[in-house]
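These notes are about the structure you will find just below.
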Amino acid sequence: MSTLRFHAIKETLNRKPLHIEENERRSAIFGSNVFNEATMRQYLTKVAYKSVMDAIQNGTKIERVVADHISTGMKEWAISKGATHYTHWFQPLTGATAEKHDAFFETIGDGLAIEKFGGDQLVQQEPDASSFPNGGIRNTFEARGYTAWDPTSPAFIYGTTLCIPTVFVAYTGEALDYKTPLLRALQAVDNAAVAVCKYFDKNVKKVNASLGWEQEYFLIDSALAASRPDIVLTGRTMLGHSPAKGQQLDDHYFGSIPSRALAYMRDLETECMLLGIPVKTRHNEVAPNQFELAPIYDEANLAVDHNSLLMDVMDKVADRHNFKVLFHEKPFAGVNGSGKHNNWSLSTDTGVNLLGPGKTPMSNLQFLTFFINTIKAVNDNEELLRAAIASASNDHRLGANEAPPAIISVFIGSQLTSVLNELENVTTGKLSPEEKTDLKLNVVGKIPDVLLDNTDRNRTSPFAFTGNKFEFRAVGSKANCASAMTVLNAIVAKQLIDFKAEVDMLIEKKDMKKDDAVFNVLREYIKKSKNILFEGNGYGDAWHKEAKKRGLSNNKTTPEALKAKVSKKAISLFEDLGVMNKIESEARYEIEMEEYVLRIQIEGRVLGDIARNHIVPTAVKYQNVLIENVKGLKEIYGTGFKKHAKEQMVLIEEISEHIESINSNVTKLINARKTANTISDIEKKALDYCHKVKPIFDDIRYHCDKLELLVDDELWPLTKYRELLFTK
């Protein structure tokens, strides 16, 4: 293995940046491989075009006859762009995207064939669903599933394949993907937000949730990554001593982008432009060899599709540049992990960002309404929001090296806190003309000025207001954004429905004017949501103690966090909104618990194999070198050899102790896994893996990392942190 390590390093040092041609303006190629509105106008009949646009804007159903016209136009466009196949592109509950390619090809007899793609193939397909996770919804031998076209997310060409974004549902109708519940949640928040917007603007007919994700990732040379079995099989390093220099000098952050990485980014951005993914920002992140890219905001469903597609494209482009992309939230101990900050807002079809203040007191009251209702939604559902970002990999990141803690809180800044404090003192019942004037002129009216200075950010806050949007910072870099966005939009939808009911009650039964009713309800929400607001440092025991005092949950591990998904409250919330029924909620809980177990199980096997097959034999080999050295000294010096062999003998003893500890802990790990595997209840099994199997990893790692410092560098089999993180 040491030979492989040095061969990989040598190969990496000889790499040169690929030459990337960028002959056209990005605006000229943007969306070239997307069946977007401009392309549809060119390839579809007026009736077909109108039908698609109605489906996108109003959710109306596309008739099968019209679908034939659409599929014909889509096929002609795709073939003109060099496509030979089509696929229904979907997002099953594996965390990856899925596709099954079929050719635009059909025989017609007499040895002849034609290119064919009909409305039936466009609208619905029946991929084999038996091997996808279904959480017990169906038996494997009868697990038929259907994919159905989602016209709100445009088809695109990647390579020579026309990809059609679809939902994926079971034969019995339950959702088996991330997209279906997200679409339902977006519909729910649209309906609820439009109803509340009518208080302020009768012309609002639609509200879209927008999402801007920030994708963090590590770039490691493919040869170096291939020399590490743990990176290959788990996506992270399971052992490795921290280098003398890490990120402590902050010299990588926003620094000059390394040449090879920049060539990769330019190539990636060109692919993104062609696919209509509006990437805009690129920069070095804090940790060595860590980077970030971010797009312009999209409608949430499209943004989720774009992020899932981006992660696929990043992997494929990385192959061309001899890189391996690490999306794992914590691939290296001791340096920053990677997140996928989800910047979320709501905007109307009249062009108003509901989380951005306006120029008039009325528009600012609208802003406060959506701002405070979002805070209240997070306050009432913080455990469910924590569950939405739970995973075995994100557990490593939360609460470490600038990442938010597992405790969900909301950061809004000192100025907005003072605004809420003023609103909290609004008179109960009808407001006097003086109080209403004072509120509108001195509190509500001045919000835009307040926000001009409120630019500071809290890096440790899981959920922060950043001027005209909320940033859900706790989402993990590997995650599908849909999980977090489904929960966030659902809880805000529920909250807005409750808000409207309370305001309407005050207007109808208490004879209050609309403004008075809104102020009264918001005042009570501020009082009830104070526990979730936190401006300080999220690290350390002080906040943990304070959070406990406030009654906030601190579910540090995935098995603890996921329970919130199947609480009566959560199931009722999703059922009432039509986002997921009880069967779908329980299935997802089962799938995510099972995935947690499998991830830890795989990591345990990998760590045990590396420790016993790579580390221990190397340590023994070096120990034998030391023993031979001691024997030689004894031959030369006779009985006085101990004076000259003192350090070598101490080293021999230390190595023996570490070897013994590694072997005993690997045995302990294997036995703990065997015991856990006998448990049939998935919740108990996950908890056993979490609290009895996983802690042994640290003991094994400790002794392996100590050996790394003792054993001759020429013999060490695994590529070291300094080589992984600092080889450009």
Got [X] and [Y] here, is their nearest side-chain heavy-atom distance under 4.5 Å?
X: Ile389; Y: Leu398; result: yes
X: Leu577; Y: Gln187; result: no
X: Arg397; Y: Pro404; result: yes
X: His69; Y: Val47; result: no
X: Leu522; Y: Phe499; result: yes
X: Tyr217; Y: Met311; result: no
X: Ser553; Y: Glu382; result: yes
X: Ile70; Y: Tyr43; result: no

Practice task
Take Val189 and Val207, measure what side chain to side chain contact (heavy atoms under 4.5 Å, CB included) needs, and give me the verdict at the end.
Solution key: CA-CA 8 Å; Val189 81; Val207 170; 5.9 Å; no
Practice task
Evaluate the criterion side-chain hydrogen bond (donor to acceptor under 3.5 Å, both in side chains) for residue pair Thr180 and Asp177; output intermediate values, then yes/no.
Solution key: CA-CA 6 Å; Thr180 306; Asp177 65 345; 2.7 Å; yes
Quick check against the 3.5 Å criterion: does [X] have a side-chain atom that pairs as donor or acceptor with the backbone of [Y]?
X: Gln495; Y: Thr374; answer: no
X: Asp150; Y: Thr152; answer: yes
X: Asn379; Y: Lys528; answer: yes
X: Asn373; Y: Thr369; answer: yes
X: Asn353; Y: Asn468; answer: yes
X: Glu299; Y: Asn301; answer: yes
X: Asp349; Y: Lys205; answer: yes
X: Asn531; Y: Arg550; answer: yes
X: His88; Y: Cys163; answer: no
X: Arg588; Y: Val566; answer: no

Minimum heavy-atom distance between [X] and [Y], given as atom pair plus value:
X: Thr486; Y: Ala185; result: O-CB, 3.6 Å
X: Val475; Y: Asn394; result: C-ND2, 4.3 Å
X: Glu269; Y: Val279; result: CG-CG2, 3.9 Å
X: Ile571; Y: Ser585; result: CG1-CB, 4.2 Å
X: Leu211; Y: Ala300; result: CB-CA, 4.0 Å
X: Ala387; Y: Ala564; result: CB-CB, 4.2 Å

Fill in the blank from the handout: With Lys565 as partner, the option from Glu586, Glu592, Glu560 fulfilling salt bridge (charged side-chain N to carboxylate O under 4.0 Å, His left out) is Glu592
Atom pair [atom1]/[atom2] of [X] and [Y] - distance to nearest 0.5 Å:
X: Ser345; Y: Tyr297; atom1: OG; atom2: OH; result: 7.5 Å
X: Ser210; Y: Leu302; atom1: OG; atom2: CG; result: 12.0 Å
X: Tyr589; Y: Leu562; atom1: OH; atom2: CG; result: 7.0 Å
X: Leu368; Y: Leu420; atom1: CG; atom2: CG; result: 7.5 Å
X: Lys469; Y: Asn343; atom1: NZ; atom2: CG; result: 5.0 Å

Exercise for the section: Report, as yes or no, whether the 6.0 Å neighbourhood of atom NZ on Lys280 holds more than 12 heavy atoms from other residues, nucleotides or ligands. Expected result: no
Practice task
Please say whether more than 12 non-hydrogen atoms of neighbouring residues, nucleotides or ligands are located less than 6.0 Å from NZ in Lys568.
Solution key: no
Practice task
Just say parallel, tilted or perpendicular for the rings of Phe534 and Trp543, cut-offs at 30° and 60°.
Solution key: parallel
Practice task
Hey, can you tell me if Trp89 and Phe156 have their rings parallel, tilted or perpendicular (30° and 60° cut-offs)?
Solution key: perpendicular
Practice task
Would you sort out whether Phe168 and Gln91 count as a side chain to side chain contact (heavy atoms under 4.5 Å, CB included), showing the intermediate values?
Solution key: CA-CA 8 Å; Phe168 179 46; Gln91 299 166 49; over 6 Å; no
Exercise for the section: Step by step, work out the side chain to side chain contact (heavy atoms under 4.5 Å, CB included) result for His341 and Trp213. Expected result: CA-CA 6 Å; His341 306 160; Trp213 37 260; over 6 Å; no
Handout entry: Pairing residues for Phe470 by the ring pair (Phe, Tyr, Trp, His ring centres under 6.0 Å) criterion, not counting sequence neighbours
Key = Phe371, Phe463, Phe465
Handout entry: Pairwise salt bridge (charged side-chain N to carboxylate O under 4.0 Å, His left out) hits with a residue in residues 477-500, at least two apart
Key = Lys494-Asp498, Lys500-Asp504
Problem - Pairs where residues 180-202 contributes a residue and the test salt bridge (charged side-chain N to carboxylate O under 4.0 Å, His left out) is met, not counting sequence neighbours - result: Arg184-Glu584, Asp190-Lys206
Exercise for the section: Step by step, work out the salt bridge (Lys or Arg N to Asp or Glu O under 4.0 Å) result for Lys179 and Asp305. Expected result: CA-CA 9 Å; Lys179 182 185 272 275; Asp305 280 2; 2.7 Å; yes
Practice task
Apply the test salt bridge (Lys or Arg N to Asp or Glu O under 4.0 Å) to residues Lys569 and Glu383: give CA-CA distance (whole Å), side-chain angles for both, the deciding distance (0.1 Å), then the verdict.
Solution key: CA-CA 11 Å; Lys569 180 180 175 182; Glu383 280 197 283; over 6 Å; no
Handout entry: Glu174 and Asn581: side chain donor to acceptor below 3.5 Å
Key = no
Problem - Side chains of Glu524 and Asn520, donor plus acceptor under 3.5 Å - result: no
Problem - side chain to side chain contact (heavy atoms under 4.5 Å, CB included) between Val503 and Tyr199, intermediate numbers included - result: CA-CA 10 Å; Val503 170; Tyr199 289 139; 3.4 Å; yes
Exercise for the section: Please assess Asn421 against Ser418 for the test side-chain hydrogen bond (donor to acceptor under 3.5 Å, both in side chains), listing each intermediate value before the final yes or no. Expected result: CA-CA 5 Å; Asn421 289 339; Ser418 66; over 6 Å; no
Exercise for the section: Determine, for Phe519 and Lys513, whether the Lys NZ or Arg CZ falls below 6.0 Å from the six-membered ring centre while staying within 45 degrees of the axis. Expected result: no
